[in-house]
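Before any comments, here is the structure.
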Protein chains: 2
Amino acid sequence: MGQTIKNAAVQPPPRERILAAARDLFYRHGIRAVGVDAIAEAAATNKMTLYRHFGSKDELISAYLQELAKEGDDLWQRLRETYPDDPHAQIEGWVQHVEQVLTDCSERGCAMANAAVEMREIDHPARQIIDDYKTRKRDQLVRLFSEAGYGEPEQVADEVFLLFEGARISIQCCSQGPALRVVRMLRSLLADHAPKVEVEALAARDAASERKAGAKSGTKSKET
Amino acid sequence: MGQTIKNAAVQPPPRERILAAARDLFYRHGIRAVGVDAIAEAAATNKMTLYRHFGSKDELISAYLQELAKEGDDLWQRLRETYPDDPHAQIEGWVQHVEQVLTDCSERGCAMANAAVEMREIDHPARQIIDDYKTRKRDQLVRLFSEAGYGEPEQVADEVFLLFEGARISIQCCSQGPALRVVRMLRSLLADHAPKVEVEALAARDAASERKAGAKSGTKSKET
DNA sequence: CCACGGCGTTACTGGTCAGTAACATAGTGT
DNA sequence: ACACTATGTTACTGACCAGTAACGCCGTGG
């Protein structure tokens, strides 16, 4: 087990460097626009080592997408572990994640969705990874809203899901437009559909996070 | 003006054929994935004629996007001409258009958004066309909801806009998932935010079109 | 009948890209 | 010290692709 101890301290092994470089370049410039040479160079290695770790560019693409998927899944698991048996807190955590994603990752949108647009061949292995991931996320939203006692969990989950997807695609098409207001939309939508019994508690929670988010013109339909 | 009269009857001039071929191939396989040779061949012509009409592939891409934009704009203008001074009817017409787009164009989503994902270079002329178009659509929605007397036209327009965008991107990522239910969402969302005075009239209108759409589980939150 | 413009055809250039071969090197465990 | 393995290096192949050159064809308009 104790191999390459010193090397690991200085710089990660080539495989990790390649994946990191691929991730950066694929996301910034697009998958089809980036050649393996560029990735190898950005990873401070060469094409041969790349091909020893990933048999083909397609394999590298799959590994790239699977890494993204794993991180997305990890985030959800962390949410569940951080607020066990508190689906409302998990929802709020997810909304904050959405907010963060839309404020820093600006410009390039969702790497998974972009990959799906670029890899159009229906039999490409990447498509399966993406589809599985997106379906999983949508189902997790359904489960979450269901656990939180929402009346129509599927409907709310779909709406929230599509708003988030729409925000990340239109951040690439529509200059600084609707995407920036999506967090406000999410909060107001969730408040509208929240289980009736806990409306007050939820309103309090929302008010707290709104305060730190810097409220401008009221979320309307809330205080009335 | 009267030139090539007989030819036009048999088959459209090369420029139109090239644009039509480009449109089909770009949309189905992606812009980067399609070479000019393939387009020329699909247009039953050759690369030289293509380059005589479009100086470069980028120019062809721009022409392709501008054609798409023009058709989108025409649709809106037709809506305004068909139902002058009746913004509610225009809204309903737009929703029906959304429904139609999401049922037949299945699989490939929005050609404009896909193009934006593929053309990542910020200075690419295509990006300007796409951005202008999307911004225009969003603004037209705002104006429409404003004319229809909605209380928060910007908010409703943004939400509707993002739902539609989200539906068209996730139709490519998430197998047969949330996208199919977006029309229901739109109708219920619009009903929720419609100007209070006309709630009954709008409900009647919605009920009429719901009947033909084949209602399953109720739109909820409406009849309560 | 002739000139001209739009179109077709072939062949080419220069560049990029995925993938491979062969060889050299350095670190590790024994 | 030795062998093994992971890595680096160089150079190559074959394919594809955007864009161009040169020439030939044909219809129209004078």
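Numbers restart at 1 for each chain; the letters A, B, ... are given by sequence-line order, proteins then strands.
- Evaluation of the salt bridge (Lys or Arg N to Asp or Glu O under 4.0 Å) test over residues 38-56 of chain A, restricted to residues two or more places apart or in two chains, returns A:D37-A:K47.
- Look at OH on A:Y51: it is 17 Å from C1' on D:dG8, rounded to the nearest Å.
- Near-neighbour residues of DNA chain D inside residues 30-39 of chain A, defined by a heavy atom below 4.0 Å, are absent.
- To the nearest angstrom, C1' of C:dA18 lies 15 Å from CD1 of A:I18.
- For B:T135, the side-chain contact (heavy atoms from CB on, under 4.5 Å) test picks out A:C174, A:S175, B:D131, B:D139, with sequence neighbours left out.
- The closest donor-acceptor contact from the side chain of A:R127 to the backbone of A:M119 lies under 3.5 Å.
- For B:A63, the side-chain contact (heavy atoms from CB on, under 4.5 Å) criterion is met by B:L19, B:F54, not counting sequence neighbours.
- Here the C1' atom of nucleotide C:dG19 and the CG atom of A:L60 are 14 Å apart, to the nearest Å.
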Under 3.5 Å donor-acceptor pairs involving side-chain atoms of residues 76-83 of chain A, not counting sequence neighbours:
from: A:Q77; atom 1: NE2; to: A:E81; atom 2: OE2; distance (Å): 3.4
from: A:T82; atom 1: OG1; to: A:R78; atom 2: O; distance (Å): 2.5

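- In this structure, the side-chain contact (heavy atoms from CB on, under 4.5 Å) partners of B:A115, at least two apart in sequence or on a different chain, are B:I31, B:L65, B:I130.
- Partners of A:A43 by side-chain contact (heavy atoms from CB on, under 4.5 Å), not counting sequence neighbours, listed by chain and number: A:R17, A:I18, A:A21, A:T45.
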If the sugar-phosphate is the primed atoms plus P, OP1 and OP2 and the base is the rest, what is the B/S/- string for nucleotides 7-16 of chain C, using protein heavy atoms under 4.0 Å? BBBB------
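- Taking atom CG of A:L25 as the reference point, atom P of C:dA18 lies 12 Å away to the nearest angstrom.
- Residues that satisfy the ring pair (Phe, Tyr, Trp, His ring centres under 6.0 Å) test with B:F26, not counting sequence neighbours, are B:Y64.
- Within residues 115-128 of chain A, no residue has any heavy atom under 4.0 Å from DNA chain D.
- Counting heavy-atom neighbours within 6.0 Å of B:D74 CG, excluding the residue itself, gives a total above 12.
- We find that NZ of A:K57 is positioned 17 Å from C1' of C:dT20, with the value rounded to whole Å.
- Residue pairs satisfying the ring-ring contact (aromatic ring centres under 6.0 Å, His included) criterion with at least one member in residues 117-137 of chain B, sequence neighbours excluded, are absent.
- Residues passing the ring pair (Phe, Tyr, Trp, His ring centres under 6.0 Å) test with A:F145, sequence neighbours excluded: A:Y150.
- One interatomic measurement links the two molecules: CZ of B:F54 to C1' of D:dA18, which rounds to 16 Å at whole-angstrom precision.
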